[in-house]
Novice: 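Got a structure for you, questions after.
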2 protein chains.
Amino acid sequence: MENVDKNPDKHDLILSAARSLIGEYGFSALTMDKVAAKAGIAKGTIYLYFKDKNELIESALKRGFERLFERIEKRVEKEASSLEKLGALIHENLTYINENRFFFKSIFLDEINIVFLKKKSVESFNLRRKKYASFVSEIIKRGINSGEFRKDINPDRMGYLLIALIKTDAIYNFMNKNQDLSPEMIKSESSDMLDFFVKGISAQYKHDVRI
Amino acid sequence: MENVDKNPDKHDLILSAARSLIGEYGFSALTMDKVAAKAGIAKGTIYLYFKDKNELIESALKRGFERLFERIEKRVEKEASSLEKLGALIHENLTYINENRFFFKSIFLDEINIVFLKKKSVESFNLRRKKYASFVSEIIKRGINSGEFRKDINPDRMGYLLIALIKTDAIYNFMNKNQDLSPEMIKSESSDMLDFFVKGISAQYKHDVRI
DNA sequence: TATTATAATGACTTAATAGTCATAATTCAA
DNA sequence: TTGAATTATGACTATTAAGTCATTATAATA
């Protein structure tokens, strides 16, 4: 029964303590005692704002993904062509991941640190992914109709694949680079990824399409 | 100190009980009591064959990935061109995942069920991934040198990406199809994926390259 | 200020489960 | 066949951490 009304400041305080601990040590190391200590409050207090640990973790995740999604939607609708929309989406997503790199590092890296306690969380995690994937696949569908993209691809599957590409790229960066990425690096990375997604790795085509 | 000499049959019995439980309920639900019950032995016996739970989980994973890797290596070296090698790799990997679908479902699906207890396991998981990725990137490098693939791609990154594609495709199938995939479906799926990896989604190129 | 309502506390209870070890069963070797 | 060595057992211990709740502190109100 996530009670935000009571005291929104404390609610946020707890959430950000949790987020910060997740970013530092990962999900599996998150304990209510640590959250309480980090937030400088008593453990019991957490339960005034969150029903249980599961709800706390879910809230932390939910907020992160909602913000990401809002930003991407806002950014993407500015673009006209499907190609440009995809480019904007990739760029915005990589930027957001970089801004919240510790948090996402824990979520993504090695797919190891996430421990969900309840089926319900797994489901809502799936729903978010599905929502994002179908957002992407809508863009691709429009691109197919407009003649920008091939007609013989499965847009739903391509939606999932693009998301996987973005994530994998982030993981690759986490593993191979220690510092934050500069805006320029993110830009070049985004356009590389779009380039690959659109044109593949074959040398059999001329690669001079403007992106 | 994984003692296999003692009694290889029992060692295997325990491992396959663990694998089967992981496939059924996922990593997070694996307890030593359940493994013992499933194997029809006492809990203490497990500790005669595996140092701790961590080693048991690691062994289960390790064996699965080693078999996969061996099969792929054997299959890939039969092919001449880099393109054909990649095609063989994708096909062999999808086939193996399908053969061990319950196990991989738990490992892959939603990236949620893996709980590692020790840093060491995370590291060895990374090593395996790295080994596989560099195997793929070697193929790509040769393809670049032979002129099959573009010179302006990062082969290491492409290695990771291809592995992510395969995995994502498997997840997509787990979510959208209930039964096993037929050999024909795997074949068509593999060639679709290779096609995308090589040519991208753009409609700007003719898509008639023989794969 | 006194009274009530709300919020916060943290010691305690409870549950889950990894790992142990004294004891028992089985196998082996002389 | 019998004593030693090996293997197996499962009740027990220890640990960790989630969640509770009687008590205390603070804020609101009259």
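Protein chains get the first letters and strands the later ones, always in sequence-line order, with residue 1 at the start of each. Because only heavy atoms are used, hydrogens play no part in the values below, and waters and symmetry mates are left out as well, while side chains stay in. If you're wondering where the values come from, they're calculated on a predicted model, not measured in any experiment.
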Novice: Check this one for me: any side-chain N or O of B:Y49 less than 4.0 Å away from OP1 or OP2 of D:dA8?
Specialist: yes
Novice: Of all the heavy-atom pairs spanning B:P155 and B:S137, show the shortest one and how long it is.
Specialist: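 In this case the closest contact between B:P155 and B:S137 is O-CB, 3.2 Å.
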Novice: Does the Lys NZ or Arg CZ of A:K34 fall within the cation-pi geometry relative to A:Y25 - under 6.0 Å from the ring centre and within 45° of the axis?
Specialist: yes
Novice: Roughly how many Å is it from CG in A:L56 to P in D:dA17, rounded to a whole number?
Specialist: 15 Å
Novice: Could you tell me how far apart B:D52 (CG) and D:dA14 (P) are, to the nearest whole angstrom?
Specialist: 20 Å
Novice: Quick one: do A:I153 and A:I140 satisfy side chain to side chain contact (heavy atoms under 4.5 Å, CB included)? Show the steps, please.
Specialist: CA-CA 10 Å; A:I153 54 172; A:I140 295 173; 4.1 Å; yes
Novice: Expressed in angstrom and rounded to an integer, what is the separation of A:I41 atom CD1 from C:dG10 atom P?
Specialist: 10 Å
Novice: Grab the NZ-C1' distance between B:K10 and D:dA8 for me, whole Å please.
Specialist: 7 Å
Novice: Which class fits the ring pair B:F50 and B:H11: parallel under 30°, tilted 30 to 60°, perpendicular over 60°?
Specialist: parallel
Novice: Please classify the nucleic acid contact of B:T45 as base, sugar-phosphate, or nothing, using heavy-atom distances under 4.0 Å.
Specialist: base
Novice: Using a heavy-atom cut-off of under 4.0 Å over every strand shown, decide if B:L30 touches base, sugar-phosphate, or nothing.
Specialist: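 The residue B:L30 makes sugar-phosphate contact but no base contact.
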Novice: By side chain to side chain donor-acceptor pair (under 3.5 Å), which residues pair with A:R75, not counting sequence neighbours?
Specialist: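 With sequence neighbours excluded, A:R75 shows a side chain to side chain donor-acceptor pair (under 3.5 Å) to A:E79, given in chain and number order.
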Novice: Taking only side-chain nitrogens and oxygens of A:K53, does any of them come within less than 4.0 Å of OP1 or OP2 of D:dA18?
Specialist: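 Yes, because at least one side-chain N or O of A:K53 sits under 4.0 Å from OP1 or OP2 of D:dA18.
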Novice: Please give the stem ranges for DNA chain D, sorted by first residue number, where a stem is three or more consecutive Watson-Crick or G-U pairs and both donor-acceptor distances are under 3.5 Å.
Specialist: C:1-30 with D:1-30
Novice: Mind calculating the distance between CD1 (A:I46) and C1' (D:dA17) to the nearest angstrom?
Specialist: 12 Å
Novice: Calculate the interatomic distance between B:M32 atom CE and D:dA14 atom C1'; express it in whole Å.
Specialist: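 Distance check: B:M32 CE to D:dA14 C1' gives 16 Å.
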Novice: Send over the distance from B:Y47 OH to D:dG10 P, rounded to a whole Å.
Specialist: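 My rounded result for the distance is 15 Å.
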Novice: Listed by chain and number, what are the side chain to side chain contact (heavy atoms under 4.5 Å, CB included) partners of A:I163, not counting sequence neighbours?
Specialist: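 So A:I163 forms a side chain to side chain contact (heavy atoms under 4.5 Å, CB included) with A:Y132, A:A133, A:V136.
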Novice: Does a distance-only test, which skips hydrogens and angles, find a donor-acceptor pair under 3.5 Å between the side chain of A:K43 and the base of D:dA18?
Specialist: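 Side chain to base: pair found, below 3.5 Å.
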Novice: Start at the 5' end of DNA chain D and walk down; is the nucleotide closest to B:G40 or to A:G44 reached first?
Specialist: B:G40
Novice: C:dA8 C1' sits how many Å from A:L13 CG, rounded?
Specialist: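 Taking CG of A:L13 and C1' of C:dA8, I get 13 Å after rounding.
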Novice: Before you tell me yes or no, could you show the steps for A:Y96 and A:F104 under ring pair (Phe, Tyr, Trp, His ring centres under 6.0 Å), namely the whole-Å CA-CA distance, both residues' side-chain angles and the distance that decides it to 0.1 Å?
Specialist: CA-CA 9 Å; A:Y96 188 81; A:F104 280 103; 5.7 Å; yes
